[in-house]
Every structure is written in C-alpha cells, then in structure tokens.
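Worksheet: one structure, shown below.
Numbers restart at 1 for each chain; the letters A, B, ... are given by sequence-line order, proteins then strands.
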Amino acid sequence: MRATGTLEDYNLWQSLKEGNQEALATIYFTHFKNLYEYGLRIVQDKELVKDAIQDLFIKLWTNRTGFEDISKIRPYLLIALRSGLYNKLQQKEKRPVRPLGAGEEFDMVFSAESIYIDKESFSQQTQQLVHALNQLTAKQKEVVYLRYFEELDYEEIAKVMGSSLKSVYKLKARGLDALKQLLNISNTSLVMLFAACRAELFS
Amino acid sequence: MEHTNYHSYTTADFLEDRLFLEWVKYNTPGSAAFWEEWISSAPANLGAMRQAALQLKAILSVKEAGIGDDEIQEVWTRIRQGMQAPAVGREGKKMFAISPSWLKRSISIAAVFLVIAAAGYFFLLRPASTQKDTPAGETATIKNRDIAPGGNKAVLTLADGGHIVLDSAQDGTLGVQGGTKLIKQQDGQLTYNADAAKPAGILYNMLSTPRGGQYQLTLADGTRVWLNAVSSIRFPTAFTGKERNVSITGEVYFEVAHDAAKPFKVTVNGMAVTVLGTHFNINAYSDEDAIATTLLEGSVLVSRNGAANLLKPGQQSRVDDRGTISIQNDIDINQVVAWKNGFFQFKEADMETIMKQLSKWYNMDVVFEGSKPSAVYTGRVPRNLSLSALLKVLELSEVRLDVEGNRIIIKK
C-alpha cells in the first residue's frame with residue numbers, strides 16, 4: 001500500500017537487474033493499481049493507460065542491466081509512466097501536442113458524498129472545502145494527489161513532476177492564495193492542503 | 001511507537017504526520033489505539049487535530065477508478081509475451097532463480113521436459129489436428145486458425161514468493177511447505193498431504209488459473225477445490241488454528257471435508273461463507289453484477305458487514321456491489337456447476353452471458369458490433385470443443401460470429 005524506501009525494494013531491484021522474472025512480477029503486482037489510478041488521472045483512456053504500463057514493464061525488463069541502484073521503486077515507476085503516457089499522447093495525436101508538464105489536465109474530483117466523509121461532518125464547511133479543492137489547478141491537484149494518495153515526500157513529488165523542489169512549494173503557496181480568495185475564510189483553516197508549505201525549511 | 005510531541009502540533013503539522021495519515025486514511029488498529037488515547041488525554045490542540053482530520057477526509061474523498069484482478073492479470077500476460085519475444089531460451093531458465101534449491105533442480109528438469117513436450121506437440125500433434133479441423137471447422141466466418149479449448153493450467157505461488165507452473169511441472173512430489181508435502185497428480189490435480197506428527201509454522205500458498213485454465217486441488221484437511229478459469233485460492237499448507245480460512249477470486253467449487261470443531265471459512269471481496277462440511281459453488285467474477293454462492297449439500301452461512309443468511313440446499317445467495325444479500329430459490333444446480341463437470345450449460349441465456357464464459361475459457365476478447373443480439377440459448381455443450389465448433393452451434397440463430405486474432409466479433 002505504501003511506497004517506502006526499503007531494503008526490500010533495494011533487493012527486489014537488484015534481483016530484477018540480475019534477470020529474475022519473479023522480481024519483475026512482484027514489482028508489477030505490487031504497484032499496478034497505483035500506476036493505473038495515477039495514469040488515468042493524466043489521461044482518461046483506460047486502454048491507453050494499460051498499454052503504457054505494459055510498455056513500461058517490457059522496457060523495465062529489456063533495459064534492466066543498465067539501471068542504477070534504487071531503494072524506492074514507486075516514484076521511479078511513476079516518473080516512467082508519466083513520461084510514457086505523454087509520449088503516447090503525442091504519438092496518437094489524441095490531443096494537441098504540448099510540451100511535457102505544461103498545463104495538462106489532471107482528473108481529480110473531490111466529492112462530499114464520498115465514504116471518507118461521514119454524515120455528521122457533512123457540514124457547510126465540508127462542502128466549502130470540497131468545492132475549493134475542486135478549484136485547484138491541474139498541477140496543484142497533482143501535488144495533492146502524489147502527497148496524500150501516493151504518499152510521496154516533496155522531493156519525490158518534484159522528481160515525478162519534473163519540477164524543482166522550489167516550484168513544488170510555490171505551487172502549494174499559490175494554491176493557498178487561490179483558496180483564500182475562493183473560500184474567503186480564515187487563514188488557519190486553510191493551512192490544510194498546503195501545510196508543508198514551509199519553504200524556509202528547504203531554502 | 002515513537003513519541004513526537006503532538007501537543008504542540010498545528011493543523012498543518014498533523015497533515016504532514018505519517019501516523020496521523022495512517023489513522024485517517026487506513027484506520028489501522030495500531031494508529032487508532034494511539035489517537036484514541038491521545039484524544040482521551042484532552043489536549044489543548046484537539047481542535048487543530050479535528051480540523052486536520054476533516055481536511056484530510058475532504059482530500060481523500062477522491063474516488064478511485066478501480067480495476068478488476070482479471071484485467072491486471074491480462075496486462076501481465078501481455079507483458080510476459082512482450083518479454084519473451086526478443087530473447088527465447090536462456091531467459092526462460094532464469095525466471096526461477098529466486099526459488100529454493102530443491103525447486104530449482106526440479107524445475108530445470110521440468111524445463112527440459114517442457115522443451116521436449118513442445119517439440120513433440122509441434123511435430124506429432126499439430127499436423128493431425130489441422131487435418132482433422134480443416135474439413136469440419138472451415139466456415140466463411142472463421143478467418144484464423146481454430147482456437148483450442150482451455151485445459152488444466154495453473155500457477156502455484158509458494159510462501160517464499162517462488163512460482164511453479166503446474167501444467168509443465170512433472171507429476172510427483174513437488175516439494176515440502178511447512179511440513180506438508182505437495183504432490184502433483186496427473187490430470188490437473190494438486191494434493192497437500194499434511195504430516196500430522198510435524199505441525200510446522202503456517203505457510204500460505206496460492207493457486208491461480210489463467211484464462212483458458214482450470215485446476216483441482218485437495219487441501220491439507222481433505223477439502224476438495226475446483227478452480228474455473230481466471231480464478232485463485234489462497235490457503236494455508238496446514239490447518240492448525242480454530243478456523244480453516246481460505247480466500248478466493250473468480251469461480252470456485254468446494255467440497256469441504258467435515259470437521260465440526262473447525263469451521264471452514266471462505267472470504268471473497270468482503271463477503272464470507274462459513275461452513276462445517278458441505279458442497280457449494282462461489283462465482284465472484286468481477287464481470288458479474290453480484291457474488292453468487294450456490295449450495296448443493298449441507299448448509300452454509302453467507303455474511304457481509306454484519307448481515308448474514310443461512311442457505312439451504314438448492315438456494316443461491318447473491319451479494320451485489322452495495323453489499324445487499326438476496327436469496328434465490330429453485331436454482332438449477334446442474335447448470336451452476338456444469339463447468340466443474342466439463343460442460344457449458346445455459347438456460348435461456350443471452351449472448352452476453354454466454355460470451356462471458358467463452359472469453360475466459362478460450363482466452364478471447366469479445367466485441368459486440370452494433371446492438372446486442374436478442375436471441376437466447378438453452379442447452380449443454382462439452383467444454384472440450386474447439387472454438388469454431390462451438391461458435392457454429394451459436395450461429396444457428398441469426399447472429400454472425402467472426403474470429404479475428406484473439407477476438408470474437410458478434411454481428412447481428
């Protein structure tokens with residue numbers, strides 16, 4: 001469920017490099033669902049996402065000997081899937097060609113009716129929160145997704161999105177401003193999403 | 001558990017905390033116990049924490065798209081084909097490198113047998129089968145070579161993650177798991193022989209069938225299990241606890257060995273079937289709209305989320321996506337378990353229902369062109385027919401069935 005940097009991942013990766021098919025199978029079945037969910041948010045075409053995952057794992061096998069050692073596999077796979085999907089999109093010309101990472105959509109709909117929100121807290125504040133979250137830009141949504149669904153840290157998010165750490169934090173900061181205007185509510189309750197927006201820690 | 005000073009945490013801090021996320025997102029017993037205790041200490045910043053929980057829940061309200069296990073398996077099959085395309089031979093052997101040494105030896109022997117078997121198939125059987133099929137199987141609509149029916153194929157996943165491909169492994173003792181002997185019998189059967197004198201630790205194994213595969217398994221307690229295509233069962237190599245627990249996917253038929261002291265419990269997708277000793281079938285394919293449990297003999301208890309129903313022989317319980325349990329009487333038992341006896345059996349079944357079964361057994365994708373045909377079918381045909389022979393039967397009504405590559409295309 002979680003992507004953590006572990007000895008297990010390290011060993012699995014070594015095993016893959018040595019040509020062990022079981023290692024590839026383990027990586028595939030462990031990460032498939034997460035890759036699929038993330039891929040579908042980038043492009044809403046199930047077959048295309050499945051094809052991209054298929055290509056990704058065939059490449060993983062074909063090029064296995066040349067890989068660097070890594071201790072956390074998930075971010076690596078997410079990076080590869082993301083760029084694979086954009087390549088496929090350009091090939092298929094399903095959308096006008098755009099430079100990687102420039103203003104693409106990120107499909108992520110927050111819903112007050114979801115199971116996570118129980119009836120008692122189905123308040124006006126919840127509605128406002130959900131509404132405000134839905135107003136975030138595609139890139140901000142992607143940051144939130146990678147942080148809370150993939151549970152990546154900000155450094156990893158920056159790598160996956162091909163941005164610098166600084167720009168990831170800027171995205172969060174700008175999101176905070178945007179939300180303030182949208183919600184017109186107090187700053188403290190907004191700290192929420194952009195909690196980690198404490199750039200001083202990273203300067 | 002590490003002791004961070006949560007009493008000075010702000011809403012923002014909580015949102016970045018792993019243990020907090022673990023509680024709100026997964027509600028794991030460990031994290032829930034910790035946070036309940038923390039709340040009961042009446043901290044001054046309880047409000048900040050509640051606020052963080054509310055915000056995190058709003059974030060986590062995003063719905064997942066969801067995907068079925070059989071689709072995941074399908075993509076994996078395609079990957080394996082893609083991997084084997086450039087380099088045959090050497091790579092094939094390497095795939096077993098992770099297995100323990102006894103397994104490695106038996107599998108390299110099996111691999112040699114496999115090569116010989118494949119060659120034998122190619123030289124001896126192939127010409128005969130084409131000769132046999134050409135006059136009978138050729139119709140205007142069948143464009144490709146005929147598709148063979150499924151057979152006894154399965155993969156066994158051992159406790160250490162190693163895999164044994166059962167259709168190619170030779171008959172006899174495959175190895176030992178936690179003091180239990182694994183014996184592969186002929187004709188697609190695997191038996192677990194527990195050594196009662198040496199109860200070792202509990203190890204879990206998993207048997208799974210691909211599309212076009214079926215397999216029979218005898219568990220350590222003598223319970224017999226039949227797996228239909230695209231199905232799996234996870235089970236312990238010996239039953240040492242108070243309950244006999246297994247979990248499944250797809251379609252599985254059970255003949256549970258009676259043991260009043262140890263109930264046998266099958267879990268599938270949030271639903272549980274508890275029995276003492278009885279015969280029943282569970283169909284939990286992800287392309288069906290409900291999990292159907294059909295009882296042949298004895299009695300079973302079907303439960304989900306606290307709701308439970310006791311089934312009598314001849315009854316079927318259906319648990320839908322929302323968890324509603326409904327009971328149907330007057331079920332045609334023969335029809336439900338026809339697959340296990342080597343037949344397709346339908347009663348007033350539409351094309352879609354039939355194709356769901358065919359696609360899994362012949363490993364074909366199904367495409368409807370235009371509206372779905374309204375014809376319904378009643379009858380019983382053996383599962384060992386080639387695809388073309390079976391499609392001919394279906395074409396007696398006003399549908400056209402074309403085979404292109406691995407797709408069956410249905411035209412009205």
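- Counting only distance, with no hydrogens or angles, the side chain of A:Tyr148 and the backbone of B:Leu15 share a donor-acceptor pair below 3.5 Å.
- Formation of a donor-acceptor pair under 3.5 Å by the A:Tyr28 side chain with backbone atoms of B:Trp76 is found in this model.
- With hydrogens and angles left out, the side-chain atoms of B:Glu64 and A:Tyr36 include no donor and acceptor closer than 3.5 Å.
- Note: B:Arg78 CZ to A:Ile58 CD1 = 9.0 Å, rounded to the nearest 0.5 Å.
- B:Ile59 and A:Val144 make their closest contact through CG2-CG1, 3.6 Å (heavy atoms, listed as atom of the first residue, atom of the second, distance).
- In this structure, the portions of B:Ala65 lying under 4.5 Å from any heavy atom of chain A include both its backbone and its side chain.
- Using a cut-off of 4.0 Å between Lys/Arg side-chain N and Asp/Glu carboxylate O, A:Glu151 and B:Arg18 are scored as salt-bridged.
- For the residue pair B:Ala58 and A:Val130, the shortest heavy atom distance occurs at CB-CG2, 4.2 Å.
- Every residue meeting the side chain to side chain donor-acceptor pair (under 3.5 Å) condition with A:Tyr38, not counting sequence neighbours, appears here in chain and number order: A:Arg82, A:Glu142.
- A:Thr62 is not listed as a side-chain neighbour of B:Met83, based on a closest heavy-atom distance of 4.5 Å or more.
- Counting heavy-atom neighbours within 6.0 Å of B:Asp365 CG, excluding the residue itself, gives a total above 12.
- Using a 4.5 Å cut-off between heavy atoms, A:Gln54 contacts chain B through both its backbone and its side chain.
- Contact annotation for A:Lys33: only side-chain heavy atoms (C-beta onward) come within less than 4.5 Å of a heavy atom of chain B.
- Contact annotation for A:Phe29: only side-chain heavy atoms (C-beta onward) come within less than 4.5 Å of a heavy atom of chain B.
- Distance check, rounded to the nearest 0.5 Å: CD of B:Glu16 to OH of A:Tyr154 gives 3.5 Å.
- Side-chain contact between A:Lys141 and B:Val62 is absent, with no heavy-atom pair separated by less than 4.5 Å.
- For the residue pair B:Lys25 and A:Phe149, the shortest heavy atom distance occurs at NZ-O, 3.2 Å.
- At most 12 heavy atoms of other shown residues, nucleotides or ligands fall within 6.0 angstrom of atom NZ in A:Lys159.
- Note that CD1 of B:Ile67 and NZ of A:Lys50 are 5.0 Å apart. Values are rounded to the nearest 0.5 Å.
- Per-residue heavy-atom pair counts under 4.5 Å with chain B were compared for A:Phe57, A:Tyr145, A:Phe32, and the maximum is reached by A:Phe32.
- With a threshold of 4.5 angstrom between heavy atoms, A:Leu56 does not approach chain B through any atom at all.
- Contacts of B:Asn27 with chain A are absent, with no heavy-atom separation under 4.5 Å from either backbone or side chain.
- The distance from atom CD1 of B:Ile79 to atom NZ of A:Lys59, rounded to the nearest 0.5 Å, is 13.0 Å.
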